[in-house]
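These notes concern the structure reproduced below.
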There are 4 protein chains.
Amino acid sequence: MRPENEPGGRRRSFIEEARRRQIIAAAVEVISEVGYASASLARIAKRAGISKGVISYHFDGKDELMAELVVQLYVSGAEFMAPLVEAAEGWRAKFLTYLESNLQFIDANRTYVAALTEVVLNLRKPDGTPRFTSVDGEEPVIAPLIELLREGQADGTFGDFDPVVMAKIVRDTIDGAAGRAIREPDWDVGRYTDEVCRLFDLATRKGSAR
Amino acid sequence: MRPENEPGGRRRSFIEEARRRQIIAAAVEVISEVGYASASLARIAKRAGISKGVISYHFDGKDELMAELVVQLYVSGAEFMAPLVEAAEGWRAKFLTYLESNLQFIDANRTYVAALTEVVLNLRKPDGTPRFTSVDGEEPVIAPLIELLREGQADGTFGDFDPVVMAKIVRDTIDGAAGRAIREPDWDVGRYTDEVCRLFDLATRKGSAR
Amino acid sequence: MRPENEPGGRRRSFIEEARRRQIIAAAVEVISEVGYASASLARIAKRAGISKGVISYHFDGKDELMAELVVQLYVSGAEFMAPLVEAAEGWRAKFLTYLESNLQFIDANRTYVAALTEVVLNLRKPDGTPRFTSVDGEEPVIAPLIELLREGQADGTFGDFDPVVMAKIVRDTIDGAAGRAIREPDWDVGRYTDEVCRLFDLATRKGSAR
Amino acid sequence: MRPENEPGGRRRSFIEEARRRQIIAAAVEVISEVGYASASLARIAKRAGISKGVISYHFDGKDELMAELVVQLYVSGAEFMAPLVEAAEGWRAKFLTYLESNLQFIDANRTYVAALTEVVLNLRKPDGTPRFTSVDGEEPVIAPLIELLREGQADGTFGDFDPVVMAKIVRDTIDGAAGRAIREPDWDVGRYTDEVCRLFDLATRKGSAR
DNA sequence: GATGAATGAGAGTTCATTCAT
DNA sequence: CATGAATGAACTCTCATTCAT
């Protein structure tokens, strides 16, 4: 019926993509205002100023809309962070840049992040299992970070710690910060970032007693 | 209609309390299986092996059930942690015991914690604002931790850092760990706890370069 | 199970009757406050300060309770009016006393009348047909009035009109007054009664042009 | 969501209006058959041959449907009576035409009037107070009649009586007649109207002894 | 006699989805 | 492409009634 980009379908037209982004933007606003459970298609359509049917036309269903919302923001985040991390010289600098840029991105996209969090935590597959928060699903997200830590250890930059555990702690800290960004409008990201960087800097230093 | 304990109502009977706990337990199971959004009263009643109306009889509504679930587990956690933290000697030991006991509690109550997390993140007041995750609402939760850090700084145990920011990072780390506990059945809490304790021990030490 | 007075059952004990009156009184209060539709057994029991089951014990069901409420007030009204009407001398005086005493009774029992009205208009048999407001059901209520008017015509007191139609108009006027009594707390019954009596006095006079 | 006519919303489409009328008609039928209390949306939808959700789609809720039912019939009645009353010459003729046309309208719309009566007497606001039968709410209904009587008195057509009380008696008589129209299929409106007109004609005549 | 607990049906409402226009 | 209309299932909640204690 509808042109698809993935998988193997015809390329989506420009106008088609614009509509999808418009709808996703409306969904983000609605979710961050009334929460995932109350974010009905009717409300999203109203917010976007379009008819309910349009959403069904452009997305295979509510779930696809929500999944797209997540993917889109995730990609945006990666596109923002990757060049910064790569530009940093040395594993320590890369590590701290990873932390810093991630927190900055969250700060700059609070509403989007709020919506993303709600969706990630709530969206489920038809069989009831989580769509995004599965163990396997996490791997691609933290794999680059683990690799970064391993490289730094191999080259003697970092001390002796379990890179997998450390990566998970980092991610949890960042994800927790995302929640805080949503709930606290006055949250001072700069100070928080400084403290977090200092903390993980100390924890990954060579020569730290185990 | 129904006897109430809080506030000012008659005391609830033993059997009444048992039923409430049974219903809450069923809610916990259902939520951790299908998620908050799909945890309908019908499903919860079915799981508990009772009729739908029973829930309405024992609780003022779905929201009260969910709120009770949160309060109950939160109180359980506090009851578990408080004596351990108090028994520890010295602020550093208290701090590390706080971290350790909290993670242990999460580990020992994974299903409950999973459900609690879903409820806390999703439950809203009738006006649409979050029921539990407001800024003000957080204060009572981290206030004791902030106090603990301040005391340790005053007495020279801890170094120079912002106790409020540090407390928030600690809480985010722990809450993140809760999410992990839910998603990863094989999660090794012991190792994770060691790493977290080492990390925050370093970060709060006196003499850490700022 | 339960002792019955009607039909043919054992006589109800004094305490039994007291309970029934207490429950009916509570029902009257509740109905006149929240209306028939919202007058649940739970609310009535709460108002009476008893448990819900008590009502089921003393009445065969909600419908019997409501029916009893109607009958009880109707009998009270008849007991109040009958001696007054009989004491009046002459058909004209009897007729005006009927009007006057009926309106007085309504005035003195506004809450009861309000409840009765709601019940009469709403209570239905299981098949959906009205329990009280059927054509046949009305006959016993206005039959004495028709008879009174006929006697007065035969004896030359009243003029020439259809006694059945006149009786119906009288009843409608009184029933309408009942509604008014409920809705208007400041309603001046004395003045209303005077005007109504004057009106029907003129309308039933001998020699009125047809 | 749905186009609205009142207040300030977009104009309702023709088809929209037709659906609303169809649903109201079904509600009227159901109410006059099983009564207000048993007139559930399910039954009304079934009678209209539509799905339950359609009612919610076209009306803001059950209460709005019921309120619309009342308003619609009330407006119809006013539209029927007004030109007839205005066309009558002289206050006496206007007064009798008011009575006559009102009773005729009731006669011609028995089922509708039956439903209207049930709704007016039962519909309540969320706080429990009656929606239509309040004292203030009555004013607009009888105000024109009071005015008519006052004009007739000023111009010497009518005798000396309290026009407010008289108007109330007239309304109660008519409303009572409505109830009768519902319950008595064989009710002879012509005869009833004659008798009522004769009665009120006599009661309002100049020179009637007070 | 009286109670609290439980039932199960049915209430109004919301919602994702489908479809003719 | 877009819309408004309609569906039917699922939701929370209320209720009259029953029953063991």
Side-chain angles (χ1 to χ4, degrees), chain A residues 1-3 13 15-16 19 37-45 49-66, chain B residues 1-3 10 12-13 15-16 18-19 37-45 48-65, chain C residues 1-3 13 15-16 19 37-45 50-65, chain D residues 1-3 10 12-13 15-16 18-19 37-45 48-65:
Chain A
M1 312 264 165
R2 185 178 37 73
S13 74
I15 184 170
E16 164 88 2
R19 262 278 192 251
S38 298
S40 67
L41 290 189
R43 248 196 268 247
I44 294 169
I50 57 176
S51 135
K52 235 180 353 171
V54 183
I55 300 180
S56 298
Y57 180 81
H58 289 282
F59 294 91
D60 257 3
K62 194 188 189 186
D63 285 6
E64 201 221 323
L65 163 58
M66 294 302 173
Chain B
M1 314 259 165
R2 189 176 33 71
R10 291 147 296 175
R12 260 192 278 272
S13 73
I15 182 169
E16 163 87 3
R19 258 280 190 256
S38 298
S40 68
L41 291 188
R43 247 196 268 250
I44 294 169
I50 56 177
S51 143
K52 234 179 0 169
V54 181
I55 300 179
S56 297
Y57 180 79
H58 289 283
F59 293 91
D60 261 1
K62 195 189 188 186
D63 284 7
E64 201 221 324
L65 164 59
Chain C
M1 312 263 165
R2 186 177 37 72
S13 73
I15 184 168
E16 164 88 1
R19 262 280 192 248
S38 298
S40 68
L41 290 189
R43 250 196 267 247
I44 294 169
I50 58 177
S51 134
K52 234 182 352 172
V54 183
I55 300 179
S56 299
Y57 181 82
H58 288 283
F59 293 91
D60 258 3
K62 195 187 189 187
D63 286 6
E64 202 222 322
L65 163 59
Chain D
M1 315 261 166
R2 189 177 30 74
R10 292 147 296 176
R12 259 191 279 270
S13 74
I15 181 169
E16 162 88 2
R19 257 281 188 255
S38 299
S40 68
L41 291 188
R43 248 196 268 247
I44 294 169
I50 57 178
S51 142
K52 228 177 8 165
V54 181
I55 301 180
S56 296
Y57 181 78
H58 289 284
F59 293 91
D60 260 0
K62 195 189 189 185
D63 285 7
E64 201 221 323
L65 163 59

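Side chains are part of it too, since the values below use all heavy atoms of this structure and drop only hydrogens, waters and symmetry mates. Below, read A as the first sequence line, B as the second, and so on, with proteins coming before strands; counting in each chain starts at 1.
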Tell me: [atom1] of [X] to [atom2] of [N], nearest whole Å?
{"X": "Asp63(C)", "N": "dT17(F)", "atom1": "CG", "atom2": "P", "answer": "7 Å"}
{"X": "Ile55(D)", "N": "dA5(F)", "atom1": "CD1", "atom2": "P", "answer": "16 Å"}
{"X": "Ile44(C)", "N": "dT17(F)", "atom1": "CD1", "atom2": "P", "answer": "11 Å"}
{"X": "Leu41(D)", "N": "dG8(F)", "atom1": "CG", "atom2": "P", "answer": "16 Å"}
{"X": "Arg19(D)", "N": "dA6(F)", "atom1": "CZ", "atom2": "C1'", "answer": "8 Å"}

Exercise for review: Indicate, with a heavy-atom threshold strictly under 4.0 Å, whether Ile15(C) touches base, sugar-phosphate, or nothing.
Suggested key: sugar-phosphate
Review point. With sugar-phosphate meaning primed atoms plus P, OP1 and OP2, does Ser40(D) contact a base, only sugar-phosphate, or nothing at under 4.0 Å between heavy atoms?
Key: sugar-phosphate
Review point. Which whole number of Å gives the distance between the C1' atom of dG1(E) and that of dT21(F)?
Key: 13 Å
Point to revise | Residue met sooner reading DNA chain E from 5', once Ala39(D) and Lys52(C) are mapped to nucleotides | key: Lys52(C)
Does [N] have OP1 or OP2 under 4.0 Å away from a side-chain N or O of [X]?
{"X": "Tyr57(A)", "N": "dC1(F)", "value": "no"}
{"X": "Ser51(B)", "N": "dA9(E)", "value": "no"}
{"X": "His58(A)", "N": "dA2(F)", "value": "yes"}

Check your understanding: Ile55(B) and Leu41(B): which non-hydrogen atoms are nearest, and at how many Å?
Key -> CD1-O, 3.7 Å
Point to revise | Dot-bracket summary - DNA chain E, pairs being Watson-Crick or G-U whose distances fall under 3.5 Å, with | when paired to another strand | key: .||||||||||||||||||||
Exercise for review: Hey, could you give me the OH/CD distance between Tyr57(D) and Glu16(D), rounded to the nearest 0.5 Å?
Suggested key: 7.0 Å
